[in-house]
Amino acid sequence: MNKRYVMVHDENKCIGCQACNVACRTENDVPDGVARLQVRVEGPFGEMPNLHYSYARISCQQCEDAACIKVCPTGAAYRNDDGIITINKDKCVGCQYCVAACTYKVRFMNPVTRVADKCNFCTDTRLKRGEQPACVTVCPTNALVFGDANDASSEVAQIIATRATYRDKVHLGAEPRVYRIPAKKGGIAS
Amino acid sequence: MNNIWGDMSQYDPVTWHWVIAVYLFLAGLSAGAVMVALALRWAKGEQFESPIIKAAALVAPLAICLGMLCLVFDLTKPFHFWLILINYNLSSVMSIGVIALLLYIPLTFAYALLVFRAPLANWPLLGGVAEALLGWRKPLEVLLFGLGIVVGAYTGFLISAMNVYPMLNTAILPALFLVSGISAGAAANALVALIWFKTDSHSAEISGLHRVELPVVGIEMLFLLMLFSALYFKGGAAASALASLTTGQWAVVFWALVVGVGFGIPLLSRLLPAELRHGKGVTVLAACASLTGVLALRHFILYAGQSYIS
């Protein structure tokens, strides 16, 4: 059966520490000034003393119907055997069509390699060795869960089946593979 | 701002800048020049090389090649542009554009050789090729006209294929760009015919171009109205993009340059007395105003379009 790698970000557990952001930068050699992954911390919301912040993971959503793959003129943006969207550096000419077309605006031009770049769940490094992506491993509160949603016994499959989750911008039809567990303080019971 | 999560500059939704607007302008202008000149030639059944057809034969290859230079040097790896010529993805509008341009560009050069065969007659190779092409003139013209439509519309399809930008992701955009490309092509033909080939501004050729002007500007205005009303009635993020018509520098560009200069000056010049309106000065001014308007429209659509995301 085909793999369907997904990531779950539990916004209740996230503390916005950016350990994932830094681990990603180290693991994937991401230059200064650009990022494959950020956690945007916004707030505070509410009235004293009941204040809360929101934590949003900003990274490639690994869309089922990906704009980047459709628009890329050379096939440099492609889906690999694991179903993960990644980039063939040798085919990229730097037209930036994918950067412009990305539904979630998370692709960028790497200033060192001069080709398009983004999160690919550490597919060429950690995933190949059977390890979890760097951000998942390093998260101090276990707010990130990664795995194959097509495997019913996996933790991600069980979370998606039992918890209230949401995905960003579903109205645009890209079918993102990053699921979010909304913070209870936002008023949604999960 | 110094965020804990890092630099935000990569998240600016405006990815493509003015070089791409200039490319979209030049590609539309090249295709428009060919279509207008060929349509006039067929309509009049001309058997000679009119100044308009000469102008188009010159403008079409030059404009598209300048546009290609813009495109290649806007790549982050300009010297790897050949990768785009050997790898194709048929779901990408850009790839389809590459195929269309690979056919269109050589044809514009072939047509230029054919049109200028007399001055090229003494050249050893070019003269021979030009004479040989003469027998294929009609099929060449039909193919060139068809590819002109494809190239003109492609510039709109290219940016309308991105559903994250509500102002760009509309069905009318390719049609709008095709029509405004025709208006730019007609203006460029008039300018080159008047200044380079010294046509009389009262000649039948120039008046033929004048007859194209009014319907084309009318259709352009209608398409813009359709674009904006579609956004308005769609609501949400699409309607928010209409703020670009009332706020910021792109509102000024739209109302002053696209509407005021691009539509206003050519239309107002038609209210002048016939003698004055067909004079060289007024014709050149109106043509320059049209070109400015079309260039401004490409900038407005590209920048305002990319500034608002769904």
Side-chain angles (χ1 to χ4, degrees), chain A residues 16-18 20-22 25 30 32-42 55-58 65 67-78 88-111 113-117 169 171-174, chain B residues 1 3-17 19-20 23 71-99 101 157-166 168-169 234 236-238 302 305-306 309-310:
Chain A
C17 70
Q18 310 297 329
C20 52
N21 178 333
V22 175
R25 186 170 296 283
V30 181
D32 285 348
V34 289
R36 287 185 176 197
L37 165 59
Q38 294 184 339
V39 174
R40 301 252 174 91
V41 184
E42 272 157 15
Y55 306 95
R57 181 186 164 106
I58 309 294
D65 186 3
C68 53
I69 293 180
K70 271 193 230 165
V71 301
C72 178
T74 62
Y78 74 106
N88 182 344
K89 286 192 184 74
D90 298 333
K91 276 188 174 179
C92 178
V93 291
C95 69
Q96 305 185 58
Y97 205 178
C98 61
V99 176
C102 173
T103 310
Y104 297 91
K105 291 287 158 202
V106 289
R107 293 179 76 104
F108 58 95
M109 298 312 291
N110 185 311
T113 61
R114 310 195 68 74
V115 306
D117 203 340
K169 291 192 190 184
H171 65 285
L172 291 178
Chain B
M1 199 171 99
N3 297 304
I4 184 180
W5 54 86
D7 203 316
M8 296 276 282
S9 50
Q10 82 186 55
Y11 301 97
D12 180 358
V14 180
T15 303
W16 282 341
H17 289 269
V19 182
I20 297 298
Y23 159 67
L71 200 55
V72 167
F73 285 99
D74 195 56
L75 299 175
T76 58
K77 288 161 68 183
F79 298 108
H80 287 77
F81 76 94
W82 50 270
L83 283 169
I84 215 169
L85 303 177
I86 57 168
N87 295 293
Y88 290 89
N89 169 15
L90 292 182
S91 74
S92 167
V93 177
M94 194 181 281
S95 239
I96 294 167
V98 168
I99 296 168
L101 288 167
F157 280 116
L158 182 72
I159 58 173
S160 74
M162 301 184 279
N163 81 340
V164 71
Y165 299 121
L168 302 183
N169 190 223
K234 201 171 207 173
L302 193 69
Q306 288 181 103
I309 62 172
S310 289

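Naming convention: chains lettered A, B, ... in sequence-line order (proteins, then strands); numbering from 1 in each chain.
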Name the region of A:K91, side chain, backbone, both or neither, that has any atom closer than 4.5 Å to a heavy atom of chain B. both
As an exercise, state the distance from CG of B:L83 to SG of A:C92, rounded to the nearest 0.5 Å. 9.0 Å
Counting only N and O atoms by type, is there a donor-acceptor contact under 3.5 Å from the side chain of A:T74 to the main-chain atoms of B:I84? no
For B:I309, is it the side chain, the backbone, both, or neither that has a heavy atom closer than 4.5 Å to a heavy atom of chain A? side chain
B:K77 side, atom NZ; A:C95 side, atom SG - distance, nearest 0.5 Å: 11.0 Å
Residue among B:L168, B:N169, B:V164 with most heavy-atom pairs under 4.5 Å to chain A: B:V164
B:N89 side chain to A:I69 backbone, donor-acceptor under 3.5 Å: yes
Do side-chain atoms of B:N163 reach the backbone of A:L172 as a donor and acceptor pair under 3.5 angstrom? yes
Is there a side-chain contact between B:S92 and A:C72 (heavy atoms, below 4.5 Å)? no
From the list A:N21, A:V39, A:V93, the residue making the most non-hydrogen contacts under 4.5 Å with chain B is A:V93
Are any of the side-chain heavy atoms of A:K169 and B:S310 separated by less than 4.5 Å? no
Report which part of A:Q18 has an atom under 4.5 Å of a heavy atom belonging to chain B: side chain, backbone, both, or neither. side chain
By a 4.5 Å heavy-atom criterion (distance strictly below it), what part of A:V34 contacts chain B: side chain, backbone, both, or neither? both
Can you check whether B:Y11 reaches A:I58 side chain to side chain, under 4.5 Å on heavy atoms? yes
In the structure I gave you, are the side-chain heavy atoms of B:M8 and A:Q38 within less than 4.5 Å of one another anywhere? yes
Within this structure, what is the CZ-CH2 distance for the pair A:R57 and B:W5, rounded to the nearest 0.5 Å? 16.0 Å
Under a 4.5 Å heavy-atom cut-off, does chain B meet the side chain of A:A67, its backbone, both or neither? neither
Answer yes or no: are there more than 12 heavy-atom neighbours, outside B:Y88 itself, under 6.0 Å from its atom OH? yes
Measure B:Y165 against the heavy atoms of chain A and call it side chain, backbone, both or neither at under 4.5 Å. side chain
Kindly give the heavy-atom pair with the smallest separation between B:P13 and A:K105, and that separation in Å. O-NZ, 4.0 Å
If I take atom OH from residue A:Y97 and atom OG from residue B:S95, how far apart are they, to the nearest 0.5 angstrom? 10.0 Å
Need one label for A:D32: side chain, backbone, both or neither, based on atoms under 4.5 Å from any heavy atom in chain B. neither
Check whether any side-chain heavy atom of B:T76 sits under 4.5 Å from a side-chain heavy atom of A:V115, and report yes or no. no
Residue pair A:Q96 / B:H17, side-chain heavy-atom distance below 4.5 Å: no
